[in-house]
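Notes follow the structure.
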Amino acid sequence: RPCANAARGNGALLLNPDSGRIHIIEHKDQVILAGERGGVRHIYLDGRPHPPLAARVPTPAGHSTGRYEGNVLVVDTIGLTPGGVVGGGARTADTRLSERFEVAPDGRTMTITYTWQDPKIYQKPHTYSYFFDRLPANSYAYEDWCDAGDPIERQSIVPPEQRQ
């Protein structure tokens with residue numbers, strides 16, 4: 001099985017410090033995030049509204065819409081499954097996530113700022129940022145997988161269901 005935190009997003013929706021490699025595909029109508037450990041996320045840029053929550057089953061990635069403010073991709077996500085948030089905290093089916101993806105002018109780093117809002121569980125919005133480095137040109141991204149024999153990796157493995 002893939003690592004639980006990458007396949008389910010674990011709060012940061014495919015991008016977190018141990019997420020493995022991520023492919024970011026930009027198109028005029030959407031941005032697609034595809035993790036090498038599994039999981040795909042669509043961010044719609046075509047102006048569509050979020051669907052009504054009552055008509056949608058919550059998912060680990062939720063439903064994301066976005067827009068560009070200059071060179072910053074601003075994303076709004078709703079319809080998430082309840083669970084933990086990588087930067088500490090929690091989320092419910094009513095939580096709203098705002099993200100800001102900003103690539104440095106030299107193109108070498110990307111900062112993602114996450115803001116979780118849910119008046120049922122937070123007194124004020126919960127905000128934190130992650131900083132990611134781009135691999136140098138001509139680098140080779142090695143394939144990555146979870147090793148259940150490794151004591152650290154074992155913590156992020158989803159055990160199979162047990163039958164009685």
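The number of heavy-atom neighbours closer than 6.0 Å to CG of Asn71, taken from other residues, nucleotides and ligands shown, is 12 or below.
A salt bridge is absent between Arg108 and Asp133; no separation between the charged side-chain nitrogens and carboxylate oxygens falls under 4.0 Å.
Applying the salt bridge (charged side-chain N to carboxylate O under 4.0 Å, His left out) test to residues at least two apart or on different chains, the pairs with a partner in residues 58-81 are Arg67-Glu69, Glu69-Arg100, Asp76-Arg96.
A chain of hydrophobic side-chain contacts below 4.5 Å, direct or via other Ile, Leu, Val, Met, Phe, Trp or Tyr residues, connects Tyr114 to Tyr122. Hydrophobic clustering, with ILVMFWY side chains joined whenever heavy atoms are under 4.5 angstrom apart, keeps Phe101 apart from Tyr44. Val31 and Val74 fall into different hydrophobic clusters, where Ile, Leu, Val, Met, Phe, Trp and Tyr residues are linked whenever their side-chain heavy atoms come under 4.5 Å apart, directly or through other members.
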Working for side-chain hydrogen bond (donor to acceptor under 3.5 Å, both in side chains), residues Thr113 and Ser129: CA-CA 4 Å; Thr113 301; Ser129 296; 2.8 Å; yes
Worked verdict on Val40 versus Ile32 for side-chain contact (heavy atoms from CB on, under 4.5 Å): CA-CA 7 Å; Val40 174; Ile32 299 171; 3.8 Å; yes
Worked check of side-chain contact (heavy atoms from CB on, under 4.5 Å) between Arg134 and Thr109: CA-CA 6 Å; Arg134 174 179 264 164; Thr109 59; over 6 Å; no
Residues Arg91, Thr81; criterion side-chain contact (heavy atoms from CB on, under 4.5 Å); working and verdict: CA-CA 8 Å; Arg91 64 185 193 199; Thr81 51; 3.4 Å; yes
side-chain contact (heavy atoms from CB on, under 4.5 Å) assessment of Asp118 paired with Thr92: CA-CA 8 Å; Asp118 189 334; Thr92 71; 2.5 Å; yes
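The shortest distance between side-chain heavy atoms of Phe132 and Ile112 falls below 4.5 Å. A 4.5 Å side-chain heavy-atom check between Val75 and Arg41 finds at least one atom pair inside the cut-off. Counting heavy atoms from C-beta on, the side chains of Glu99 and Thr115 never come closer than 4.5 Å.
Each of Leu80, Thr77, Leu33, Leu97 was scored for a side-chain contact (heavy atoms from CB on, under 4.5 Å) with Ser64, with one residue passing: Thr77. Of the residues His50, Arg56, Arg48, the one that meets the side-chain hydrogen bond (donor to acceptor under 3.5 Å, both in side chains) test with His63 is His50.
With side-chain heavy atoms closer than 4.5 Å counting as contact, directly or through intermediates, the hydrophobic cluster containing Ile78 also holds Leu53.
The nearest pair of heavy atoms linking Pro58 to Ala93 is CG-CB, 4.4 Å.
Expressed to the nearest 0.5 Å, how far CD1 of Ile24 lies from CD1 of Ile43 amounts to 8.5 Å.
Remark: Glu26 pairs with Tyr68 by the side chain to side chain donor-acceptor pair (under 3.5 Å) rule, at least two apart or across chains.
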